[in-house]
Every structure is written in C-alpha cells, then in structure tokens.
Amino acid sequence: MAAETPFPGSERPVIVWLRDDLRLSDNPALTAAANCGRRIICVFVHDEESEGLRPLGGAARWWLHGALQEVDNALRARGGRLCVYRGVASAVMPQLAADSKAAAVYWNRRYGAGERRVDEAVKTALKTQGIEAKSFNGHLLYEPWSIKTKSGTPFRVFSAFWRAAHEAGEASQPLDVPSRLNLFHGPCRQASTPRVELADLALEPSSPDWAGGLRSNWRPGEAGALAQLEFFLEEHLNEYADLRDFPGRLATSRLSPYLRFGNISPRQLWHAAEAAANAATNPGVHRNLEKFRSELGWREFSYHLLYYNPEISSQNLQTRFDGMPWRTDADAIRAWQLGKTGYPIVDAGMRELWTTGWMHNRVRMVVASFLVKHLLIDWRQGEAWFWDTLVDADPANNAASWQWVAGSGADAAPYFRVFNPVLQGEKFDPDGRYVKRWLPELDGVSSSVVHRPWQRGSKVEVYPERIVEHDFARQRALDAFKGLG
DNA sequence: TGACGTTTATG
DNA sequence: ATAAACGTC
C-alpha cells in the first residue's frame with residue numbers, strides 16, 4: 001500500500017491535547033488554538049502505562065467515556081472530530097505531532113506529580129523537534145504557585161489560604177466557545193501509533209453492566225454540566241447555605257463530576273453564581289454566594305495540597321499518624337462498603353454511592369468518620385473505595401478530604417471530633433427522608449426512631465445489627481488517638 | 001464543617 | 001428543673 005499523508009493539507013496544524021478539560025467553553029488551550037489561525041486537531045490519549053499515573057476507578061471510567069463521546073459529538077457538529085489514541089503519552093504525543101507536521105501543541109495544565117512528569121516529558125520532546133508546546137490554566141481559579149504565605153511557603157490552613165486567594169484578585173472571566181473553529185475532519189491517521197475508536201478503550205462496563213444507576217442519574221459532558229448549573233442556580237443557590245447540609249433536600253450543586261473532568265470550569269461557576277446572585281432579590285443572597293464559592297475554595301485548597309504534597313493519596317500529611325494502630329477487619333470493610341453497618345445514615349450513604357456513583361457531602365463526612373474512627377480502619381482503604389465508586393473521584397479532593405476527616409491532614413478536623421451517626425442523622429435528616437430513600441428496610445418507620453432502628457418499639461426487624469456500638473467505638477478511637485502522643 | 005459530661009445561670 | 005455555658009477529648 002502506498003504511504004499516505006497521515007494528516008493531509010499543506011498548512012501545519014495545531015494540536016489541542018484534551019485531558020481533564022473535556023469542554024469547548026472556557027477552554028484556554030482551545031481558544032488559543034482557534035486564535036492562532038491554524039487548523040485544529042483535537043486529541044485524547046488514554047494512558048494507562050506511564051509511571052505515576054493512577055488508573056481511573058470504574059465509575060470515573062464510565063463518566064470519562066460519556067464525556068469523550070460528548071466532546072466528539074460537539075466537535076462533529078462543528079465539522080471536526082476527536083482523535084483518540086492509546087499508549088504512553090510522552091511517546092504518542094511527540095509522534096503524533098511529528099506525523100501531522102504540527103506547528104504547536106496546546107494543553108491545559110494538570111497538577112498531580114505523575115501528570116506533571118508526563119507533561120514535562122512531552123514538552124521537552126516537542127521542543128527538541130522544534131514544535132511549540134504551550135500550556136494554560138483551565139482547571140483552577142488560582143494555580144498553586146500563585147498563592148503563598150507572606151514568608152513564601154504554601155498554606156496549610158484553609159481559612160488563611162482562602163483569604164489570601166481573595167487578595168490575589170478576582171478569578172478571571174470565562175472564555176466563550178470560540179466562534180470560529182477551523183477543525184480537522186480527516187481520518188486521524190498516524191504513522192507510528194494507530195488511532196483507536198472510543199469503544200476500543202473499553203471504559204464502559206460490559207458484563208455485568210453495573211452502570212444502570214449511573215446512567216439514570218447522570219448525563220456526562222458539557223451540555224449536562226450547563227443544564228445542571230442552570231438548575232442549581234435557579235432552584236437551590238438562594239437557599240444553599242441553609243440547606244446544603246440536608247441530604248434529603250438535594251440542595252447541593254451536584255456539579256462535582258463535571259468539575260472533575262472539566263466538563264465545566266471553576267471560573268464558569270464562579271461568575272455564573274455571581275450573576276445569578278445579582279439577579280436575585282431575596283435576603284441572604286450574598287451569604288449563599290459566598291458559601292458556594294468557599295466550596296470551590298476547598299477544591300482549590302485540595303489542589304494546593306496535592307501540588308505541594310504529591311503523595312497525598314498514600315502518605316499521612318501528619319507523620320505522627322504513621323503510628324496509628326489501624327485495624328485489619330475485612331468483614332467490617334465489607335459491611336461498610338455494602339451499607340450494612342447497622343447505622344442508617346451510614347448505610348444510606350454507602351448505598352447511594354454504590355447505586356449512583358455519588359454521595360451527598362454531609363454524608364461523605366459521616367461515612368468517612370465511621371470507617372476511620374468507629375471501625376479504626378486506615379483512611380486509605382476508604383479513599384480507595386471512593387476512588388473506584390465515585391463518578392467525581394478526584395485526585396486532589398478525594399485524598400485531601402479523607403485526610404481531613406481522619407485527622408492526618410494539614411488543616412484537619414481534630415481527631416477527637418468523632419461524629420455520632422445517630423445524632424448526625426437526626427440533625428441533618430430529621431424526617432428520615434434521606435435514609436428511607438435508600439433503605440427499603442425502613443419503610444413506614446416513624447421519624448422518631450428511624451436513625452436508631454435497634455431501639456425497642458421501632459418495629460424494624462429486618463435491619464442489619466450494628467457492627468459496632470457507638471460509645472465503645474468512640475472510646476476506642478479516642479484511646480488510639482491518645483496513643484499517638 | 002462535634003460530642004459529651006459537668007458546672008453554672010435562671011426561674 | 002432546664003438550659004446555657006464550659007472544659008475536655
């Protein structure tokens with residue numbers, strides 16, 4: 001067969017390398033490519049081989065598939081397509097750039113250690129080939145190196161970090177989808193590495209197909225993100241501060257998986273929330289806006305911690321926790337994973353997670369506290385389960401939040417702060433609406449005992465026995481903490 | 001972005 | 001007698 005030009009056309013194209021920025025709006029790399037006037041090739045490389053890249057969990061893989069599909073659809077609607085490859089990115093990208101005779105490769109930055117190593121290797125290889133490599137900020141309001149203490153060290157306390165972030169200036173305005181995209185629409189051939197179909201990546205579960213609950217609860221991709229944002233701003237922003245902690249109210253934004261894969265950007269949320277607040281007339285608008293923004297702030301802080309603590313998902317930030325006498329208890333872990341601990345608020349959360357790939361934020365704190373403190377099981381076990389089951393499993397947020405709950409984090413909850421799952425349930429799910437949604441065992445149980453079904457008179461016979469009793473577990477956790485010195 | 005036992009204030 | 005307030009984990 002005669003050799004054919006992999007990417008025909010006389011003019012040298014620009015490659016946009018998409019990663020955790022699966023959107024067309026507010027995408028600085030894409031906008032820069034559009035502005036440079038060259039033809040644009042949009043590329044995704046599925047890299048499961050490079051050292052230091054953590055393989056995605058099952059739920060996240062499902063989301064990634066849907067988000068990539070949506071990017072491809074959006075590009076096709078504009079006369080282009082998404083070119084998908086598989087392999088070691090630091091080899092594939094330079095080869096692809098050479099084969100396509102690209103003038104430049106643009107991407108939005110990542111902040112994990114392994115990801116930065118890969119991106120650095122790509123940049124070095126491209127420059128050796130005389131190809132321009134340029135990176136942008138599409139993932140954060142404030143990149144880690146732009147926020148520092150007066151003495152030049154990274155922040156370790158959220159409130160101080162967030163105050164300094166405000167002083168660093170307002171997040172910049174989001175970019176529109178480029179009005180003119182000169183997209184490449186050819187067959188995406190490459191001489192060295194064959195292009196693959198999205199389905200070839202096998203990101204979706206096949207048999208058994210466990211993704212039904214995910215499919216019926218989520219619509220991955222940019223259009224789904226914008227729809228969810230509009231719904232949240234319309235229905236829930238104006239009661240956000242008061243109701244976000246009540247899992248029965250569905251008052252949170254539910255935007256986390258979209259942020260994780262960059263189906264929407266924090267800059268878009270920052271400014272869209274402000275616009276919605278300005279248009280509202282009810283009292284407390286400012287308080288709700290600031291509360292929502294501070295949740296974006298926690299995400300920023302997590303990325304700050306990840307950048308300065310590359311091993312955050314495997315190493316205690318406070319090394320004294322290395323001496324914690326974690327228990328080995330496979331039965332307890334299994335009961336926790338399955339939502340059969342005997343505590344309704346814990347069990348409801350874990351079943352919501354298993355069914356939908358997501359869990360309400362308040363309940364995440366309760367189930368995490370239960371695993372780490374009541375069961376004395378290493379937070380890394382919980383982090384790993386969340387990594388595999390959450391559609392929003394995020395390299396920064398997941399690890400930083402688990403360490404926060406465990407008490408091993410930088411600015412962590414004190415270890416002696418042990419959530420009482422009964423009181424948390426009664427306080428934040430007073431009518432039992434949330435636990436009943438996920439626990440059919442509790443049908444018809446009165447709200448007065450729905451969070452303590454073992455109590456005499458609750459008439460709950462089928463509910464799992466408590467795997468550990470609260471007072472005992474609390475004391476055991478406090479003793480273990482005291483032993484850390 | 002807790003819980004809990006104890007003390008103190010108020011009637 | 002009950003509820004704030006307080007100290008400790």
Side-chain angles (χ1 to χ4, degrees), chain A residues 155-163 165 236 239-249 251-254 256 284 287-302 304-305 317-318 320-321 323-325 341 343-346 349 359-376 379 382-383 386 392 394 396-430 434 451-452 466 468-485:
Chain A
F155 279 100
R156 299 181 66 80
V157 176
F158 171 72
S159 55
F161 167 82
W162 198 225
R163 201 176 312 123
H236 294 302
E239 52 186 18
Y240 185 72
D242 291 324
L243 298 187
R244 63 179 297 278
D245 267 324
F246 292 81
R249 303 296 296 264
T252 59
S253 74
R254 303 178 78 96
S256 51
R287 187 170 141 264
N288 288 313
L289 175 64
E290 289 312 308
K291 189 70 187 168
F292 178 64
R293 284 179 163 178
S294 86
E295 297 304 320
L296 292 177
W298 277 100
R299 176 177 177 276
E300 298 284 318
F301 186 53
S302 294
H304 193 81
L305 292 175
L317 262 42
Q318 292 186 42
R320 69 192 179 107
F321 272 76
M324 178 64 86
T341 67
Y343 290 92
I345 191 72
V346 175
M359 195 195 305
H360 186 277
N361 176 257
R362 164 60 53 177
V363 189
R364 292 190 196 200
M365 292 193 284
V366 175
V367 304
S369 172
F370 188 84
L371 183 78
V372 170
K373 297 179 181 177
H374 286 74
L375 300 180
L376 266 190
W379 62 266
E383 197 271 351
F386 272 30
D392 64 33
D394 183 284
N397 283 331
N398 195 41
S401 302
W402 271 95
Q403 294 226 38
W404 184 88
V405 171
S408 63
D411 171 27
Y415 190 84
F416 51 76
R417 185 175 291 171
V418 179
F419 282 82
N420 180 327
V422 177
L423 296 184
Q424 285 284 311
E426 289 176 342
K427 182 172 181 187
F428 294 111
D429 185 33
Y434 176 73
H451 291 291
R452 42 181 108 212
R466 285 168 290 173
V468 69
E469 199 271 324
H470 171 71
D471 291 326
F472 162 79
R474 176 173 184 272
Q475 196 52 52
R476 183 173 63 178
L478 294 175
D479 292 344
F481 172 61
K482 208 182 298 175
L484 286 181

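The sequence lines fix the lettering, A, B, ..., with proteins before strands; numbering per chain opens at 1.
- Proximity of a side-chain donor or acceptor of A:Glu239 to a complementary backbone N or O of A:Ala251 within less than 3.5 Å is not detected.
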Contacts under 3.5 angstrom, residues 475-485 of chain A side chains, donor-acceptor by atom type, not counting sequence neighbours:
unit_1	atom_1	unit_2	atom_2	d
A:Gln475	NE2	A:Asp479	OD1	3.2
A:Arg476	NH2	A:His374	O	2.8

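- In this structure A:Phe428 satisfies the ring pair (Phe, Tyr, Trp, His ring centres under 6.0 Å) test together with A:Phe246, sequence neighbours excluded.
- Of the residues in residues 409-420 of chain A, A:Phe416, A:Arg417, A:Val418, A:Phe419, A:Asn420 come within less than 4.0 Å of DNA chain B through at least one heavy atom, sorted by number.
- Residues satisfying the side-chain hydrogen bond (donor to acceptor under 3.5 Å, both in side chains) test with A:Glu300, not counting sequence neighbours, are none.
- In this structure A:Trp404 satisfies the side-chain contact (heavy atoms from CB on, under 4.5 Å) test together with A:Trp298, A:Met365, A:Ala413, sequence neighbours excluded.
- Residue pairs meeting the salt bridge (Lys or Arg N to Asp or Glu O under 4.0 Å) criterion with at least one partner in residues 417-430 of chain A, sequence neighbours excluded, are A:Glu426-A:Arg452.
- Distance A:Gln475 CD to C:dT8 C1': 12 Å, rounded to the nearest Å.
- By the side-chain contact (heavy atoms from CB on, under 4.5 Å) test, A:Arg466 is found to be paired with A:Tyr343, A:Trp454, A:Glu469, residues two or more places apart in sequence or in another chain being considered.
- Under the side-chain hydrogen bond (donor to acceptor under 3.5 Å, both in side chains) criterion, A:Arg156 pairs with no residue, sequence neighbours left out.
- Remark: A:Ala406 pairs with A:Val372, A:Trp379, A:Ser408 by the side-chain contact (heavy atoms from CB on, under 4.5 Å) rule, at least two apart or across chains.
- When DNA chain B is scanned in the 5' to 3' direction for atoms under 4.0 Å from non-hydrogen atoms of chain A, the outermost contacting nucleotides are B:dT1 to B:dC4.
- In this structure, A:Asn288 has no side-chain hydrogen bond (donor to acceptor under 3.5 Å, both in side chains) partners at least two apart in sequence or on a different chain.
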Close N/O contacts between protein and nucleotides 3-7 of chain C (under 3.5 Å):
none

